[in-house]
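In what follows, a single structure is set out as structure tokens and then discussed.
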Amino acid sequence: MDNVSEKNGVVSKNFIESIIEKDLDEGLYSEVVTRFPPEPNGYLHIGHAKSILLNAGLAKKYGGKWNLRFDDTNPTKERTEFVESIIEDVEWLTGEKKEEIFYASNYFQQMYEAAVKLIQKGKAFVCDLSPEEMREYRGTLTEPGKNSPYRERTIEENLKLFEEMKEGKYPDGSKVLRAKIDMASPNMNMRDPIIYRVARMHHHNTGDKWCIYPMYDFAHPIEDAIEGVSHSICTLEFEDHRPLYDWVLRELEFENPPKQIEFSKLYLTNVITGKRYIKKLVEDKIVDGWDDPRLVSIAALRRRGFTPDAIQLFMELSGVSKSQASSDYAMLEYCIREDLKLKRSRMMAVLDPIKLVITNYPEGQIEYLDVSNNQENEELGTRKIPFGRELYIEREDFMIEPPKKYFRLYPGNEVRLMNAYFVKCEEYITDENGKVTEVHCTYDPETKCGSGFTGRKVKGTIHWVEASTAKTATVRLYENIVDEEKGVYNEDGSVNLNPNSLQILSNCYVEPELANAKAYDSFQFVRQGYFCVDAKDSVTDSLVFNRIVSLKSSYKPV
Ligand code: ATP
Ligand code: MG
């Protein structure tokens, strides 16, 4: 995909690219190596997609590589199920099959040795303060902290105690290993942070081998350094942790240490991204799993019918910066329309049918009309669609008493049936409640689409499907799951739900060609939007389509 920031031949770089290019020019690194380090404690969402595409994109742009690394140093919350879903999502989004997948937990031995090295250098000590005491000693933003009474333990004693922590001699939480930095530092992260704790927890990868686990701020720089990462890109909340990141690498004397760069998180207005909120919606069965098409997990976006190219375009439009800003969901919708516009066939589907009978068309006759799949892209070819005496049209395309400027069907009016003939409404039939059940028309064989007929014009064109060959389908229309008027979250942690977020239309008719549509296939249904075959619920004789997006847009790119 072209870089959308390429205007007038000038390519604008984001600030991370500028840093990387400077580093390469100065020979600081010989190769660009980045990484995406998810914690396997949930499904990935659109925010993670930004990080994935950024890291993968930089590696690609500078001919380097990027690692998918599970940051699985905290076993309480981690689950194998999430590892699998994350791999699937990352590979789908980047279109790359990862030959090797990295796990922070594979480096536990090296992390342990690194901790021993710090002790040997007099840069770490075992501390017996309780969590409450630790908090007291830590000080505040305005007051310096106090040294722990255990800070001056000898190197030998620290080595012995740390070894015993590892051997399981001490109960969980009773002792920690702390870096010896500066209790008066204005940066709280530098006040002798904990780097190892005792915790008897089963780990999804290492089982019960370890009963001590490293803390994130100690583990992360080591993981990056071991993998030869050059630029470790993370989000802004880690800016204050960078001095500690650098301290760890410096004290451990890594050559060519990685450089941490922070950018601002992607926020989407009126969208739920918080794991605990989504988890609650799943548990309460308000949504149909983590991949419910109303959510913005990557799995949900895929199921809804979003494409990697559309998500990539969205990330390019929203940019990479250090300033906090929120992007609009309408921009994401704009991106998927842009992506599918020329790539997908435009089919006919009737979502709210009434029958149209062409009284002067021979009974039992079916003719096949040649139709272009996409009028704006001839490369998509043509198809044949059946036409006959009985069709379905949208209920809203007929009115008994039309308002002004209504150019569709009403008694006495003539319209074009898309890709077919002119038909004129002669009469209509209603049931005992006055509800229209059939519209009767006559057609003019001279007016066949593509015949060059110029005798007269009509103002309205409506879509249709031939009744005897049509396939039935269920169509799901979506609105935001959040009630936008009220805002996303309530104070009690609940979500303001939009009661109309899902509308199920179970009596739709689609062209017979769609009988062969497979999971994730997507199409434009003319006048209705873009639709995708639902990967969970659609089967050959009972098709289910999700509306990805309607055709109308409120968003205009700048
Ligand atoms: P959440 O709590 O929203 O699930 P997280 O930060 O806890 O997110 P991690 O698995 O730790 O999830 O994140 C993996 C990577 O994705 C990190 O580098 C993190 O900075 C990045 N990331 C997470 N959320 C966003 C976001 N909204 N925009 C950009 N990057 C993000
Ligand atoms: Mg996290």
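Order of listing sets the numbers, starting from 1, for every ligand and every atom in it.
- Comment: Lys146 does not engage Glu136 in a salt bridge, judged by the lack of any side-chain N to carboxylate O separation of less than 4.0 angstrom.
- The pair Asp537-Arg303 counts as a salt bridge, with a side-chain nitrogen and a carboxylate oxygen less than 4.0 angstrom apart.
- Within the set Ser51, Pro40, Gly47, Ser297, the minimum heavy-atom distance to atom 26 (C) of ligand 1 is found for Gly47.
- The N/O atoms of Pro38, backbone and side chain alike, include none that comes under 3.5 Å of an N/O atom in ligand 1.
- Residue Asn41 has no nitrogen or oxygen atom sitting less than 3.5 Å from a nitrogen or oxygen atom of ligand 1, judged on distance alone.
- Note on ring orientation: taking the six-membered ring where Trp is involved, the planes of Phe82 and Tyr43 are perpendicular (angle over 60°, cut-offs 30° and 60°).
- For the pair Lys50 and ligand 1, the shortest N or O to N or O distance does not fall below 3.5 Å.
- In this comparison of His48, His45, Arg69, the heavy atom closest to atom 16 (O) of ligand 1 sits on His48.
- Separation of the Tyr489 and Tyr277 ring centroids falls under the 6.0 Å cut-off.
- The closest approach between any non-hydrogen atom of Glu237 and ligand 1 is not below 4.0 Å.
- Listed by number with element, the atoms of ligand 1 under 4.0 angstrom from any heavy atom of Phe36 are 14 (C), 15 (C), 16 (O).
- In this structure, His220 and Tyr245 have tilted ring planes: the angle between them lies in the 30° to 60° band.
- Salt-bridge annotation for Asp25 and Lys22: absent, with no side-chain N of the basic residue lying under 4.0 Å from a carboxylate O of the acidic one.
- Not less than 6.0 angstrom separates the ring centroid of Phe306 from the ring centroid of Tyr530.
- In Lys275, the part holding a heavy atom less than 4.0 Å from any atom of ligand 1 is the side chain.
- Taking 4.0 Å as the cut-off, Pro37 counts as a neighbour of ligand 1 on heavy-atom distance.
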